[in-house]
J.: 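Quick one: the structure is below, questions incoming.
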Amino acid sequence: MTTFYLDYENGDDVNDGSDWANAWKTITSGATAARIAPGDIVRIAKSLDPTSLGINATWNDLSKTVTLASALTANIDMGEVAWTASTYVTSTADNAVPKEGTYAAKHVFGASFTTGLASYKALGSSTDFSAYQQVSFWVRSTSAVAASTLSLRLCSDVAGVTTVDTIPIPAIPATYQWQVVTVDLAGALGNAIQSVALYADLDPGTPTVYIDNIIACKASSSDDSLTLSSLISKNSAAQGGTEGWYGIQSINGTTVLLDNNTETYASAGRGYSGTTETVATYKRETIKTALLGKWYVSQKVQDSGTLGNNIEFQGGYNTADSEQDGETFFDSQNCGPYGLQIYEEDFVLTNYLNFTRCYVGIYVYNNHNCTISNISICNNDYGMYPRVTTNLLIGTIANINNNLYGPYFDNSYNCTIGTIVNANNNINVGVVLTYSDRNVLNAITNANNNGLYGVGFYRGSDNIIRTLSTTGNTTAGIYNLLGKNYIFNALIAEATEVAVDSTSFGNSRVFSHKHDQTADNHKIFTEGGLISSEVSVRHTASGIAWKLAVTSTNRSSNHPLDLEIAKIACSANNEVTVKAWMRKDHATNITGKLVCRGGQIAGVASDVVATKSNVADTWEELTIQFTPTEAGVVEVEVWAYGGTTNSVYVDDMTISQA
Amino acid sequence: MALPTPINLQTLNYAYQGQPFCRVPAKTTIDLETMDYSYEAQPFVSNLISMKDIIQSGIIAFPR
């Protein structure tokens, strides 16, 4: 039971991790299996706490535009006009993949180009950038580029010749992927800059390099030093808070656009969901991890705990007093590696450990009995990806927003999720359960403004959501592809509350108990129909009846819209009589039946069926009778089929046995 | 909502997990508290366990 210390920015993996002064740097190479054991705790240094930008900003619900009261940065070049290329380089303004505006500056290096000035862009006038010390921009390459190969230069002449400031471009490990870069020059930028230039300091080979949204930013020591690498929010809390953090897609003067996953271009993005208001706005800086290409692994847990002796990785520690008063945000800078892998290691706990701009924030593979809590994850392809995982315990997901997908449970079973707040603004789905069964989600508060659905069940069954709210999802609040899943106390504001696969004929179901958080309001969403409790059309003017509304001709005598209405324990060799009052709202367009399917119990080999007569809007008591030759239980159903606009109702049963 | 009896379960006024809840004995002599009945290979008890306490308390009469 040893406590270790990990500080990514100031630690070293050769240390023994015994205190902050001797902290490890990484989970992978510091907290090795040889060094840690079940019951150990690894305290991880926090990233910087939020700072106020010192100005208000206007946030708009369902918009990715945040408007600052005043600009905090200065534009250098936005890539909207082609740069002037040197021989063997071709520069254009390219509209295929811009991060800001309509175009990005595209530079195609020919094989004959070696080193030197590759391309430049005159700024149009002499500009004083001396109030700024950092340069922030997006870069993208069609092939990997080593560090120190390329640089941007701020020049005092109009043709990129006379360098004033050199901004080295770091390694670009990922191909075809925008990478966010912020370089701190630790001193004032030039005060009479007339051009920006791209130089090759080493022969880059033949990459095509895109650059966009080059801006000058304030000194990193300034509270308002907003850059493209910052996260921005209404949230002032160092730890927790109900507002999510957002990666930045672009900054142009007072206009800040919010980003999504690692390949979201200027024309795309889900933005913000929440209160439209002009309020104090904050930024926080992340811990930039080593630059790695897509699908590499940034950090990986190396050992398992045991029952009752988790190995704990606790983020958010203040190295000054060892209080856990903040959070740790690790940042892959959009290159797309996995942020943290917990790969076939059991009984691992993490908290306040966040990952941004990764392929997967936290990847949990083939693990059992791990615990993850208090995470806030944004701008990954997959926020969190439990795969082939059982008994995962997730405490609180504070915010999991602006990813491609939020939490994505894949082939995972018996996981318990406490509360997910704000699974919002993800490009596709807020919360996904695919091929995953028997997971319990106690509360999803806000799965809003996702590009497809708030919650998606894909070929999983018996998943339970005890409380749910969704709004603003583009296609539907919930999607269900096969499987039977359960939700309780759901507030679903979308016009299409539950979309179901209409082609599988799988009779999938989403059972919604106390729908709209209303007593006696239940709905069963399935393909080709909707079954719901009914308080208007009832046989007895109290309680509820049940309505089977057929919406597709796929529902037929071979594939009726069916509702189990009773399970009946019967003794042997006595005739059972089941009566139910039924009604339909069209005489001939729809068929209603009371059915005891054959084969459930000895003596009842064939279906026993009574059919509602072809009279509309009239209650009729239907009767079926059968005599089992063994004691047992049978199920009785109501069927409806025919047309797309009519309904069958059922109420008040009488069940007896001679 | 008052607790149901097996008779008024037949009103279809009760729901569990968004579905009608009507799990009853066909004969009053069928004792589901014995756990002698099963459905789909699972014990079939319905809600009679909880009813047993109510019956024994004398609050309501249960048809047996």
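Protein chains get the first letters and strands the later ones, always in sequence-line order, with residue 1 at the start of each. Fair warning: this is a prediction, and the values are worked out from it, not measured in the lab.
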J.: How many angstroms lie between OH in A:Tyr486 and OH in B:Tyr16, if you round to the nearest 0.5 Å?
T.: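 Spacing of OH (A:Tyr486) from OH (B:Tyr16) equals 8.5 Å.
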J.: Taking atom NZ of A:Lys484 and atom CD of B:Gln19, what is their separation to the nearest 0.5 Å?
T.: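 The distance works out to 9.0 Å.
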J.: Roughly how far, to the nearest 0.5 Å, is the CG atom of B:Asn13 from the CZ atom of A:Arg538?
T.: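 So the CZ of A:Arg538 and the CG of B:Asn13 are separated by 8.0 Å.
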J.: Do B:Leu12 and A:Ile565 have side chains that get closer than 4.5 Å, going by heavy atoms?
T.: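 A side-chain contact under 4.5 Å exists here.
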J.: Less than 4.5 Å apart, any side-chain heavy atom of B:Phe21 and any of A:Lys567?
T.: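 Heavy-atom side-chain distance check fails, nothing below 4.5 Å.
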J.: Is the NZ atom of A:Lys579 crowded by more than 12 outside heavy atoms at less than 6.0 Å?
T.: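 No - once you tally the heavy atoms of other residues, nucleotides and ligands closer than 6.0 Å, there are 12 at most.
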J.: Minimum heavy-atom separation for B:Ala26 to A:Ile568, with atom names?
T.: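 That closest heavy-atom pairing would be CB-CG2, 3.5 Å.
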J.: Where does A:Gln600 contact chain B at under 4.5 Å (heavy atoms): side chain, backbone, both or neither?
T.: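 Side chain only.
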J.: Report yes if the side chains of B:Pro20 and A:Leu563 come closer than 4.5 Å at any heavy-atom pair, otherwise no.
T.: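 The answer is yes; the side chains approach within 4.5 Å.
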J.: Run the side chain to side chain donor-acceptor pair (under 3.5 Å) test against A:Ser613 and tell me which residues pass, sequence neighbours left out.
T.: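 For A:Ser613 the side chain to side chain donor-acceptor pair (under 3.5 Å) partners, ignoring immediate neighbours, are A:Glu620.
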J.: Let me confirm one number: the SG-CD1 distance from B:Cys22 to A:Ile655, rounded to the nearest 0.5 Å.
T.: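 Rounded to the nearest 0.5 Å, the SG-CD1 separation comes out at 4.0 Å.
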J.: Using side-chain contact (heavy atoms from CB on, under 4.5 Å) as the criterion, list what pairs up with A:Ile624, not counting sequence neighbours.
T.: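 side-chain contact (heavy atoms from CB on, under 4.5 Å) list for A:Ile624, sorted by chain: A:Val578, A:Leu594, A:Cys596, A:Val608, A:Ala610, A:Phe626, A:Val636.
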J.: Roughly how far, to the nearest 0.5 Å, is the CD atom of B:Gln17 from the CD1 atom of A:Ile487?
T.: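 The CD atom of B:Gln17 is 12.0 Å from CD1 of A:Ile487, to the nearest 0.5 Å.
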J.: Taking A:His513 for its side chain and B:Gly18 for its backbone only, find out whether a donor-acceptor pair lies under 3.5 Å.
T.: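 Checking the backbone N and O of B:Gly18 against the side chain of A:His513, a donor-acceptor pair under 3.5 Å is found.
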J.: In Å and rounded to the nearest 0.5 Å, what is the OG to CD distance from A:Ser656 to B:Gln10?
T.: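 A:Ser656 atom OG to B:Gln10 atom CD measures 8.0 Å (nearest 0.5 Å).
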J.: Counting only non-hydrogen atoms closer than 4.5 Å, can you tell me which residues of residues 539-550 of chain A sit against chain B?
T.: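 Interface residues of residues 539-550 of chain A: A:Ser542, A:Gly543, A:Ile544, A:Trp546.
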J.: Side chain, backbone, both or neither: which part of A:Ala658 has a heavy atom under 4.5 Å from chain B?
T.: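 Just the backbone, heavy atoms under 4.5 Å.
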J.: Using the test side chain to side chain donor-acceptor pair (under 3.5 Å), find all partners of A:Ser571 that sit at least two apart in sequence or belong to another chain.
T.: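 A:Ser571 satisfies side chain to side chain donor-acceptor pair (under 3.5 Å) with A:Asn574, A:Gln657 only.
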J.: Counting heavy-atom pairs under 4.5 Å with chain B, which one of A:Val510, A:Asn521, A:Val634, A:Ile524 comes out on top?
T.: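 Greatest number of close heavy-atom pairs with chain B: A:Ile524.
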